[in-house]
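All remarks here apply to the structure that follows.
The model shown is predicted, which means the values in this text are computed figures rather than measured ones. Each ligand, and each atom within it, is numbered from 1 in the order the structure gives.
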Amino acid sequence: MIKDIQSEILKLKKEKNAVILAHSYQAKEIVEIADETGDSYALSVAAAKHDCDAFIMCGVHFMAETVKMLSPDKRVFLANSGAGCPMAEQMDPVMISQLKEKEPDRAVVAYINTTAALKTVCDVCVTSATAVKIVQKMENNKILFIPDCNLGSYVQKQVPDKDIKLLQGGCPVHASVTLTELKAVKAQHPDALVLVHPECRPEVTAEADYVGSTSGIMKYAMESDAKEFIIGTEMSITEHLQYACPEKEFYYLSKKILCPNMKMTTLMDVYKTLQNLDNGKAFEIVMDDEEIRKARVCIDEMIRLGE
Ligand code: 13P
Ligand code: SF4
């Protein structure tokens, strides 16, 4: 049944000259039919290289917006219209503009998990894979980092010579994991290495053997000689790793790290989006040129500094 839907999707994708992008938090059956998979940075850069008529994003809304901004002439669809990242909506562009007016010499660094409207008032974007490198490379020594205070606090520790101000935002899924939980899993698997996403709380990242983006965690685990790992990011990463490396053991840091938004997209959503590309029933990302122009400034800056 799953294989049948997958082969229908592959057929339709070819007919419509569409490219499927899947964030690594997607389920295995979706990753299998994707043309590009990876973390949010890798997806945004990879998409711009494709010559196609449409992109279908299997992920959350801000990711589809980023693809639209980088490929404004292409049609971009979000496979499930309800999939949004709650962190992306946490900060109000007007409030951030007011903070900028008060401290004009403080550059605003926005995690890519933000709306396009918020990006229009920011100076540079970062992803979890590039945040430290970009903040290090910026000429500015005074920074306001939004919205994720856990990622921001991780960057503060890696770049102690800069004055980095944080606001109280973050990922409710990763931030739900406590140090007590980490200690309990570690007690059960004392030989396992702990690999966590920087969206986790500072007391959790402080105990980790490796802190990195979803792709960083996957690469580290695949290349490591160690045999056991506790994975502190969305549960699908633990599953993808266990499937890719059957000779190693992967444990969930917590079964609470399940992102309901990332898990909304189903194979049937992808199939229906492809079927409905031209009849107005699929969820297309529509942005006006002015918003794209303004929001793209900080994405282009991210790509320039991230290279
Ligand atoms: P990555 O930047 O690692 O892809 O993470 C995106 C995300 O939403 C993490 O929760
Ligand atoms: Fe947003 Fe967190 Fe889900 Fe990532 S895991 S999409 S940051 S809510």
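The part of Asn113 lying near ligand 2 is the side chain, judged by heavy-atom distances below 4.0 Å. With a 4.0 Å cut-off on non-hydrogen atoms, Glu234 does not touch ligand 1 at all. Contacts with ligand 2 closer than 4.0 Å are made by no heavy atom of Glu234, backbone or side chain. Residue Asn113 touches ligand 1 through its side chain alone, judged by heavy-atom distances below 4.0 Å.
Protein heavy atom closest to atom 2 (Fe) of ligand 2, with residue, atom name and distance, is Cys171 SG, 2.3 Å. The shortest contact between atom 3 (Fe) of ligand 2 and any protein heavy atom is with Cys259 SG, 2.4 Å. In this structure, atom 8 (S) of ligand 2 lies nearest to the protein heavy atom Pro86 CD, 3.5 Å. The shortest contact between atom 1 (Fe) of ligand 2 and any protein heavy atom is with Cys85 SG, 2.4 Å. Counting protein heavy atoms only, atom 1 (P) of ligand 1 is closest to Ser128 OG, 3.5 Å. Given atom 2 (O) of ligand 1, the protein heavy atom at minimum distance is Ser40 OG, 2.8 Å.
The ligand atoms of ligand 1 that sit less than 4.0 angstrom from a heavy atom of Ser213 are 3 (O). Here is the list of ligand 1 atoms found below 4.0 Å of a heavy atom in Asp39: 1 (P), 3 (O), 4 (O). Within the listing of ligand 2, atoms 7 (S) sit less than 4.0 angstrom from a heavy atom of Met87. For ligand 1 and His174, the ligand atoms under 4.0 Å from any heavy atom of the residue are 10 (O). For ligand 1, the atoms closer than 4.0 angstrom to any heavy atom of Glu199 are 7 (C), 9 (C), 10 (O). Ligand-side atoms of ligand 2 in range of Glu199: 2 (Fe), 7 (S), range being under 4.0 angstrom from any heavy atom. For ligand 1, the atoms lying closer than 4.0 Å to a non-hydrogen atom of Tyr25 are 7 (C), 9 (C), 10 (O). Those atoms of ligand 2 with a heavy atom of His174 less than 4.0 angstrom away are 5 (S).
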*side chain to side chain contact (heavy atoms under 4.5 Å, CB included) evaluation trace for Cys125 with Tyr111*: CA-CA 6 Å; Cys125 264; Tyr111 192 18; over 6 Å; no

*Would His174 and Ile257 satisfy side chain to side chain contact (heavy atoms under 4.5 Å, CB included), going step by step from the backbone distance to the final call?*
CA-CA 6 Å; His174 286 81; Ile257 325 187; 4.1 Å; yes

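Between the CG atom in Leu267 and the CG atom in Asp269 there is a gap of 9.0 Å [rounded to 0.5 Å].
With a 4.5 Å cut-off on side-chain heavy atoms, Glu301 and Met138 do not count as touching. Residues Ile230 and Leu195 have side chains not in contact (no heavy-atom distance under 4.5 Å, counting atoms from C-beta outward). The shortest side-chain heavy-atom distance between Glu234 and Thr214 does not fall under the 4.5 Å cut-off. Side chains of Ile217 and Ile231 form a contact here, defined as non-hydrogen atoms less than 4.5 Å apart. Asn261 has its side chain within reach of Pro86: a pair of non-hydrogen atoms, C-beta onward, lies under 4.5 Å apart. Counting only heavy atoms from C-beta outward, the side chains of Met87 and Gln90 approach each other to under 4.5 Å. A 4.5 Å side-chain heavy-atom check between Asn113 and Glu199 finds at least one atom pair inside the cut-off.
Side-chain contact check for Ser153 and Gln156: no donor-acceptor pair (N or O, by modelled atom type) lies under 3.5 Å.
In this structure, the ring of Tyr220 has its center less than 6.0 angstrom from the ring center of Tyr210.
Because its NZ or CZ atom is not both nearer than 6.0 Å to the ring centre of Phe145 and within 45° of the ring axis, Lys165 does not count as a cation-pi partner of that residue.
The closest non-hydrogen atom to atom 5 (O) of ligand 1, taken over His197, Met63, Met218, comes from His197.
Note on ligand 1: Met87 sits outside its first shell, no heavy atom being nearer than 4.0 Å.
At least one N or O atom of His23 sits closer than 3.5 Å to an N or O atom of ligand 1.
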